[in-house]
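Below is one structure, written out as structure tokens; comments come after it.
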Number of protein chains: 2
Amino acid sequence: MTNIKDLAKMAGVSVTTVSRVLNNHPYVREDKRNAVLEAINRSNYQPNINAVHLSTGKSFLVGVVVPYIDHPYFALLIKGMASEALENNYKLVLFQTNYLETREIEALQMLKQKQIDALIICSRKCSWSTIEAYLLYGPIILCEDTRGKRVSSTFVDHYKSFMIALEHLYQKGHRKIGYCIGRKSGTNSRQRELAFKDFVENYHLPYEPAYIFEHCTHFEDGEQVIERIQQMSNPPSALLVTSDEVAAGIVTCAQNRNISIPGDLALLGFNNQPIAKMMNITTIEIPLVDIGRKLFLQGINISKEAAYQEIPVTLIERETV
Amino acid sequence: MTNIKDLAKMAGVSVTTVSRVLNNHPYVREDKRNAVLEAINRSNYQPNINAVHLSTGKSFLVGVVVPYIDHPYFALLIKGMASEALENNYKLVLFQTNYLETREIEALQMLKQKQIDALIICSRKCSWSTIEAYLLYGPIILCEDTRGKRVSSTFVDHYKSFMIALEHLYQKGHRKIGYCIGRKSGTNSRQRELAFKDFVENYHLPYEPAYIFEHCTHFEDGEQVIERIQQMSNPPSALLVTSDEVAAGIVTCAQNRNISIPGDLALLGFNNQPIAKMMNITTIEIPLVDIGRKLFLQGINISKEAAYQEIPVTLIERETV
DNA sequence: TTGTAAGCGTTATCAT
DNA sequence: ATGATAACGCTTACAA
């Protein structure tokens, strides 16, 4: 493997000069520059990036923490980050955690070890104080409302968006409303639960815990929802579904069992994924790809101040409500 | 940032000794070891991994090239690799290429630059000779049949599996068979096309180019397939669909338009994804997560010889054929 | 068992 | 404009 020293020898210049032409620095005479360039070509030279990293203290790697990669929500977020990474010459290091705290900490450690320049946490299990302890070592960006804290974030106000959705259902005459969610813990989930409680209280509706369906993340999870609803003596008439993917699964399963949508059950999805359009699912659009881009940009922007970007959502009416 | 030198000073030993306890080497007296350990605790020390990499020439990073991350086929492959990476203390660097050759080359460059220890290419656009040129710099693993070439691979014989599927359809009485595929180029696709041609020839069936549907990768692509079929005067009676996701989309769209499955159109999917089970889709099971694991292991195994692992597939009969 | 010192391949500082 | 040389933080002969 030829290195910068070899090049210097071949071109009859110093390593400094080689480094200069490599990095497009000024102050190098044309003939020397050419000599170096030629040496580079002849030798099939490639810089050892680890050496560069050690020397510069940067890695051009950004870590991304997601619970699951094989979930459209996160896949879309990643998509946005990946495209922005490409434009800025960064690479993404992926951490799939399955919501295991130890794996999140591994990612945090990599930040501390300087193997990554920044860490974007799309959804977390670990406590706030854990994260805080690592803030010292590099930017950590979150995809949840962090206003008031010393970390940047791009997020949607899930309280607000849930409220929009609930109000819409109410307008359409629904009084027995439930919702499907991935997990009950987590900042975003708690925001939604709060919205739900406030809504129910506001309109003097009964709070019905059985109307909350957990573990709804994939298409196929729709089946359980339908099953449980069918067993209920007093089932909900409408469901907020925090992922279009799951909403699509519910629609499909409902069709198979001759449950009419929205007649017997109204459905309001989230994200406005392509599948929602195809299946005509009413949904709350969340520009995930765009959020991904913004998250990434926050990660590589070295402004000391924490920034908080709230992303607005919009209701898209289709045929399931 | 405290470094190994500081530790040495604090513990009153040499850097070598510190390095030894850091790496669990033998030959270090208990009291010195403890002194170092204590210094580590006191100082909140964390090794700079880039320095380690430069020194050792290893990065414990493995690159993964996929065209799209937000596609279940690749997501499942990645899932397998990620879990194996975890067990072996490696991290994954993801390259989403969208089948752009330049992006594949970027990944190859990172191998050359030693930023990654190995590169796993799940699906490629670039030519064989391009890959060959980079073989020199580190292991490159492919997810396609590479027998006869000097690269390792884990793959399914798509010719064989397509043949199994086609035969099954034939047995069930189908004579007008078509198939849906992501893209027509690519090693795997060509294998399938070959199988299709041989099959058709074997049974003296007409080769009907219109029965081949390209650009079928996501659920929502099912809609176009149905649309095109409805416009045909002589539509196929059965379809091989190279992703269950798409098959599910076709089923859904068919239901909406009162097309009976398998009555009007039989469907045979691939992969046996969860969605196939839920929607009762007959499919060819391909153990993608397992393939992902094996690919990863090949990447980090430093045997000089190329290894070729063929993964068998099995037909799972359900209700769409 | 321990330590000195030479790498690893760059970039950055500082003379010249 | 150019080049020594130190620095980055670690591992690893080699010596003791």
Side-chain angles (χ1 to χ4, degrees), chain A residues 1-37 39-40 43-61 89 109-117 137-138, chain B residues 1-37 39-40 43-61 89 109-117 137-138:
Chain A
M1 280 272 68
T2 127
N3 64 18
I4 206 174
K5 232 172 176 169
D6 301 331
L7 287 183
K9 209 169 296 170
M10 292 170 68
V13 300
S14 72
V15 292
T16 312
T17 302
V18 175
S19 176
R20 285 208 179 94
V21 349
L22 249 22
N23 297 285
N24 288 313
H25 282 272
Y27 301 132
V28 35
R29 227 170 46 209
E30 216 39 38
D31 57 334
K32 299 219 176 196
R33 177 186 302 281
N34 290 138
V36 173
L37 256 23
I40 291 176
S43 63
N44 185 338
Y45 165 80
Q46 194 67 27
N48 177 321
I49 221 118
N50 286 319
V52 178
H53 294 168
L54 175 59
S55 200
T56 58
K58 287 201 64 178
S59 68
F60 283 93
L61 249 30
N89 260 304
Q109 288 284 349
M110 277 184 65
L111 185 65
K112 192 172 177 185
Q113 293 176 141
K114 306 214 157 306
Q115 188 162 22
I116 53 181
D117 291 343
Y137 307 107
Chain B
M1 279 274 69
T2 127
N3 62 18
I4 204 175
K5 231 171 174 170
D6 301 331
L7 287 183
K9 209 169 296 171
M10 292 170 70
V13 299
S14 73
V15 291
T16 313
T17 302
V18 175
S19 175
R20 286 208 178 94
V21 349
L22 249 22
N23 297 286
N24 288 312
H25 281 274
Y27 300 132
V28 32
R29 226 169 48 208
E30 216 37 39
D31 57 334
K32 298 218 176 196
R33 178 185 302 279
N34 290 139
V36 173
L37 256 23
I40 292 176
S43 64
N44 185 337
Y45 166 80
Q46 194 67 27
N48 178 322
I49 220 119
N50 285 319
V52 178
H53 294 167
L54 175 58
S55 201
T56 58
K58 287 203 64 178
S59 68
F60 284 93
L61 249 31
N89 260 305
Q109 288 285 350
M110 277 185 63
L111 186 65
K112 192 172 177 185
Q113 293 176 142
K114 307 214 158 303
Q115 189 162 20
I116 53 181
D117 291 343
Y137 308 107

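In what follows, chains are A, B, ... by sequence order, proteins preceding strands, each numbered from 1.
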Item checked: For A35(B), side-chain contact (heavy atoms from CB on, under 4.5 Å) partners two or more places apart -> A11(B)

Notebook entry, point to check: At how many degrees, to 10°, do the end axes of the helix from dT1(C)-dA16(D) to dT16(C)-dA1(D) meet when each uses five pairs?
Noted result: 40°

Note to self: Does dT11(C) have its OP1 or OP2 closer than 4.0 Å to a side-chain nitrogen or oxygen of S19(A)?
What the structure shows: yes

Item checked: Spacing between L22(B) atom CG and dC10(D) atom C1', to the nearest angstrom -> 9 Å

Note to self: What's the separation between atom CD1 in I49(A) and atom CG in L54(B), rounded to the nearest 0.5 Å?
What the structure shows: 12.5 Å

Notebook entry, point to check: Which residues satisfy the side chain to side chain donor-acceptor pair (under 3.5 Å) test with N3(A), sequence neighbours excluded?
Noted result: none

Checklist line | Residue closer to the 5' end of DNA chain C, P47(A) versus T16(B) (nearest nucleotide) | finding: T16(B)

Note to self: Do E30(A) and N34(A) have side chains that approach each other closer than 4.5 Å (heavy atoms only, starting at C-beta)?
What the structure shows: yes

Check: When the distance from CD1 of I40(A) to C1' of dT10(C) is rounded to whole Å, what number comes out?
Finding: 14 Å

Checklist line | d(CD, Q46(A); P, dG9(C)) in whole Å | finding: 14 Å

Check: So, do V13(A) and V28(A) sit near enough that their side-chain heavy atoms are less than 4.5 Å apart?
Finding: no

Checklist line | V18(B) side chain near Y45(B) side chain, heavy-atom distance below 4.5 Å | finding: no

Next item on the list: Starting at atom CD of Q113(A), determine the distance to atom P of dC10(D), rounded to an integer number of angstrom.
Entry: 10 Å

Notebook entry, point to check: Does any residue of residues 26-34 of chain B have a heavy atom under 4.0 Å from DNA chain C, and if so, which ones, in number order?
Noted result: Y27(B), V28(B), R29(B), K32(B)

Next item on the list: For S14(B), check side chain to side chain donor-acceptor pair (under 3.5 Å) against everything at least two apart and list the hits.
Entry: T17(B)

Checklist line | Nucleotide dA12(C), atom P - distance to CG of N24(A) in whole Å | finding: 14 Å

Next item on the list: Using a cut-off of strictly less than 4.0 Å between a heavy atom of the residue and any atom of DNA chain D, enumerate the qualifying residues of residues 2-15 of chain B by number.
Entry: N3(B), I4(B)

Margin query: Please check this pair: side chain of S59(B) against backbone of Q115(B), looking for a donor-acceptor N/O pair closer than 3.5 Å.
Written below: yes

Checklist line | Pairing residues for N23(A) by the side-chain contact (heavy atoms from CB on, under 4.5 Å) criterion, not counting sequence neighbours | finding: S19(A), H25(A)

Item checked: Residues that T56(B) engages under side-chain contact (heavy atoms from CB on, under 4.5 Å), provided they are two or more places apart -> V52(B), K58(B)

Note to self: Please enumerate all residues that pass side-chain contact (heavy atoms from CB on, under 4.5 Å) together with K112(B), with sequence neighbours excluded.
What the structure shows: N44(A), Q46(A), Q109(B), Y134(B), Y137(B)

Item checked: Residue pairs involving residues 5-18 of chain B (criterion salt bridge (Lys or Arg N to Asp or Glu O under 4.0 Å); sequence neighbours excluded) -> none

Notebook entry, point to check: Under a 4.0 Å heavy-atom cut-off, which of residues 48-56 of chain A touch DNA chain D?
Noted result: L54(A), S55(A)

Check: How close or far is atom C1' of dT2(D) from atom CZ of R20(A), stated in whole angstroms?
Finding: 6 Å

Notebook entry, point to check: Can you list every salt bridge (Lys or Arg N to Asp or Glu O under 4.0 Å) pair that touches residues 10-26 of chain A, not counting sequence neighbours?
Noted result: none

